[in-house]
Student: 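If you scroll down you'll find the structure; I have some questions about it.
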Amino acid sequence: MDVTTKTEKKNDYVFKAPRGTEDVLPGKWELWRLLENTGRQVFDLCGYYEIRTPVFEDTRLFVRSIGEVTDIVEKEMYTFADSEDSSITLRPESTAPVMRAYLEYELHKIKKFQKFYYIGPQFRKERPQAGRLRQFHQMGIEAVGANDPLLDVETISVATRIFDRIGLEGYKVKINSIGCEKCRPVFRNILKEKLCEHEKGLCELCQSRLNRNVFRILDCKNEKCKAISYHMPSINDYLCVECQVHAKSVREALLEIGIPYIADAHLVRGLDYYTKTVYEISHSSLGARDAICAGGRYDNLIADIGGPSIGSVGFAIGMEATILAIENVMAKKNKPVAQDMLCSSPLVYIISMGEETKKQSFHLLNMIRKSDLSADFDYEGRSIKAQMRTANKVGAKYVIMLGPDESARGDVKIKLMETSEEVTMKQSDVLTWLLGRHTPSKC
RNA sequence: GUGGGCGUAGCUCAGCUGGUUAGAGCAUUAGACUGUGGCUCUAAGGGUCGCGGGUUCGAAUCCCGUCGCUCACCCCA
């Protein structure tokens, strides 16, 4: 197969990460770890259990759950023929896969109500943009099998707890109810009728939305459309009694536990499966695409993919966007990048001096590591000065020197980098000395 | 899929209306009386100016194409 393009020169092609993907290089990992670790802590704290599902699934799972006429399904999925008659798709989101697993293993029969969390890559074939990639990462939860409005609130509190723990200031919680399968169609028709009266005043895009996705018109940024939708009825006036009661309980509980929110009647969702509560957490530092978390209740999804009729609620945090927001906040406060999360500085750097003593040093290195103290070593045969520079740069606390002089006496010299103080001791005492000052760590 | 911006050393960029061997800062490496870091100083390495074509005596600089990146739109995390 010849895949060489015209511009490529023979033997001269530099491979690049595919469009819309990102390499996380050393130095950028700290924030990913911070976010991931904090997420795991909070999920544990709140009784969510990790679930890992494959990165690809039967294509039909997504078509049925997300909705056939959504952009995701129509043009954004990475779909492949797996064999003659099966088609697989790289997951564009994880709610459906989690539900699939829940049903496949009949977890609802063991215990109807269960709480899951997942962290992992998702795939959507879109034009890349700030904070939006083709392979992106989400961290999310699904609380499956209960209709209690307090559960909706719990999920919101899980998200805000994560952001609070990280110290991400400046996020906003927006919530809305989009009704259920009973009241939403009623509102949709009324809205459509009313908007049709103003059809000519709407922007071109919104005119096409009239048939495609009426609710999105409420969310349009065009000034004329905004003006028109300002006078449109609100979904809140058309909610059925059940949905009204649910929405009211959610808002009351949010107040009760002290989570400030903005009730936004124009908040809509792109995925078909949402019912009742929808919410979004956004961060003002982000610009055009400012959502860092989105979620809501989906009472019909499980039944839609062949399971019992039970309600669930969940969210997904967009990790790229969240990390951007954290960086923005840190830049503003001039705070260093989560230094204490960093495990990459070795405690000890061992300087090797010449071939004769190198083996001894290497042996010492492995003794130290065996005690779970982090240590590193020079393999480049560089000058002592150069090795010292490296030790300093990587942030080692101690530099151990074992040269011919020390070796002859069975000693080592340890330099304490912070104070420049040097101590000499027997080689056999090094471990005890280090362990007396530092507790072993696994990181 | 649509529209805007950009593409010069590893990174961030300078290079005016086209003119001799393309620059800086950071980073890297090496040295500053030779077994020692962080500061300072010195020096070195590193660029087919994304790629292809055109205009011109001459182009990183102008034109066209192409690829890539980026931002925004649709949509969405």
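Protein chains get the first letters and strands the later ones, always in sequence-line order, with residue 1 at the start of each. Computed from a predicted structure; not experimentally measured.
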Student: Can you find an N or O donor on one side and an acceptor on the other, under 3.5 Å apart, linking the side chain of A:R389 with the base of B:rU36?
Tutor: no

Student: Check every strand shown and say whether A:E380 touches a base, only sugar-phosphate, or nothing at a heavy-atom separation below 4.0 Å.
Tutor: nothing

Student: Between C1' on B:rU36 and CD on A:Q387, what's the gap in Å once rounded to a whole number?
Tutor: 10 Å

Student: So, is A:R127 close to the B:rA72 phosphate, meaning a side-chain N or O under 4.0 Å from OP1 or OP2?
Tutor: no

Student: Any side-chain N or O of A:R19 under 4.0 Å from OP1/OP2 of B:rC69?
Tutor: yes

Student: Give the ring-plane orientation class for A:F377 versus A:Y379, where under 30° counts as parallel, over 60° as perpendicular and anything between as tilted.
Tutor: perpendicular

Student: Measuring only the P atom in each nucleotide, how far is B:rG4 from B:rG19? A whole number of Å is fine.
Tutor: 29 Å

Student: Check if the side chain of A:Q129 and the base of B:rU70 share a donor-acceptor pair of N or O atoms closer than 3.5 Å.
Tutor: no

Student: Considering every strand and a 4.0 Å limit on heavy-atom distances, what is the contact class for A:A294: base, sugar-phosphate, or nothing?
Tutor: sugar-phosphate

Student: Is any side-chain N or O of A:K125 closer than 4.0 Å to OP1 or OP2 of B:rG1?
Tutor: no

Student: Using a 4.0 Å heavy-atom cut-off across all strands, classify A:M319 as base, sugar-phosphate, or nothing.
Tutor: nothing

Student: Can you tell me, in whole Å, how much space there is between the P of B:rG25 and that of B:rU40?
Tutor: 13 Å

Student: When you measure only distances, ignoring hydrogens and angles, does the side chain of A:E406 come within 3.5 Å of the base of B:rG35 through a donor and an acceptor?
Tutor: yes

Student: Using only modelled atom types and a 3.5 angstrom limit, is any donor from either the side chain of A:K385 or the base of B:rU36 paired with an acceptor on the other?
Tutor: no

